[in-house]
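For reference, the structure discussed in these notes is given below.
The chain is numbered in sequence order, starting from 1.
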Amino acid sequence: MSERVASLIRDCPFFSGLDDRSVGLLSAMAAGKRYEAGEMIFRQGDDPPGVFIVTSGQVRVYKLAPHGKEHVLHLPGPGETFLEVAVLGGFACPAFAEAVEPSDCLLLPAQKFRRAVDEDHALCRQLLFGMSRSVRRLVGLMEDIVLRDAAGRVARHLLAMHADQGEVIELPALKKHLASHLNLTSETLSRTLRRLTEAGLIDSTEGQAVRVCDPDGLGEIAAGVG
């Protein structure tokens with residue numbers, strides 16, 4: 001079990017630069033967690049239980065506006081982390097998290113994780129790198145919402161998934177979550193995906209899978225020249 005946990009941590013981009021000693025520290029504290037579809041993982045305002053690494057399934061991290069509208073901040077899937085900022089900053093959970101589908105996670109408990117950061121300089125350096133990736137992702141999301149139209153947002157998101165997953169990418173089981181993440185309505189997202197399919201840039205395969213047929217064409221649309 002411990003070797004499997006170590007392998008899962010090494011495969012996580014957020015911790016990809018750690019040496020064996022640091023991976024061992026995290027493996028020793030990691031606890032496996034299973035969440036069923038629709039199960040709440042934490043609520044906004046809760047004390048952060050720790051840093052989560054998704055090992056299977058998908059989670060949605062979202063905020064609720066005072067009038068009840070939901071906005072999906074992040075849809076972490078296998079190999080991705082969430083809640084790391086609140087754990088390191090020592091503040092309450094800034095959003096809600098719910099399993100989109102049956103999901104397995106590794107939990108690195110907050111107190112033990114912070115102690116490891118205090119004691120392990122290599123881990124601290126890697127966290128700076130990982131946090132910079134998170135900031136870059138959030139800046140990209142804000143840029144999409146403010147500067148890009150619907151086609152540009154969808155194209156850019158598909159390209160990011162293509163870079164991580166390869167030619168065939170897996171969209172969320174409920175496209176409304178992706179629509180919320182991109183600040184679109186479900187109807188606009190479906191219409192945009194259909195337009196990209198008709199243009200030959202993507203192609204639907206089985207289930208929620210999509211094949212990226214023309215990444216250069218998607219890049220032009222993401223850049224606003226398509």
Can you give me the closest heavy-atom contact between [X] and [Y], atom names plus distance?
X	Y	answer
P49	C93	CD-SG, 4.3 Å
A99	E36	CB-O, 3.4 Å
V87	R114	O-NH1, 2.8 Å
P76	T81	CB-O, 4.3 Å
G45	A92	O-CB, 3.7 Å
L218	A155	O-CB, 3.5 Å

Give, for atom [atom1] of [X] and atom [atom2] of [Y], the distance between the pair rounded to the nearest 0.5 Å.
X	Y	atom1	atom2	answer
L18	S16	CG	OG	7.5 Å
T188	R191	OG1	CZ	4.5 Å
F52	L108	CZ	CG	9.5 Å
F15	S22	CZ	OG	10.0 Å
S180	Y62	OG	OH	10.5 Å

Does the [X] side chain pair with the main chain of [Y], one donor and one acceptor, at a distance under 3.5 Å?
X	Y	answer
H157	L182	no
E80	G77	yes
H181	V72	yes

Task: S190 and E187: side chain donor to acceptor below 3.5 Å - done: no
[X], [atom1]: over 12 other non-hydrogen atoms inside 6.0 angstrom:
X	atom1	result
D47	CG	no
R43	CZ	no
E39	CD	yes

Under a single-linkage definition using a 4.5 Å side-chain heavy-atom cutoff for Ile, Leu, Val, Met, Phe, Trp and Tyr, are [X] and [Y] assigned to the same hydrophobic cluster?
X	Y	value
V54	L73	no
L184	I221	yes
L106	L88	yes
F91	F113	yes
L159	L178	yes

- [ ] Let me know which of R60, K63, H177 forms a side chain to side chain donor-acceptor pair (under 3.5 Å) with E70.
- [x] R60
Open item on the list: Salt bridge or not between E3 and R10? Use side-chain N to carboxylate O under 4.0 Å.
Closed with: yes
Open item on the list: Does this structure show an ion pair linking R21 with D120, if we count only N-O contacts that are shorter than 4.0 Å?
Closed with: yes
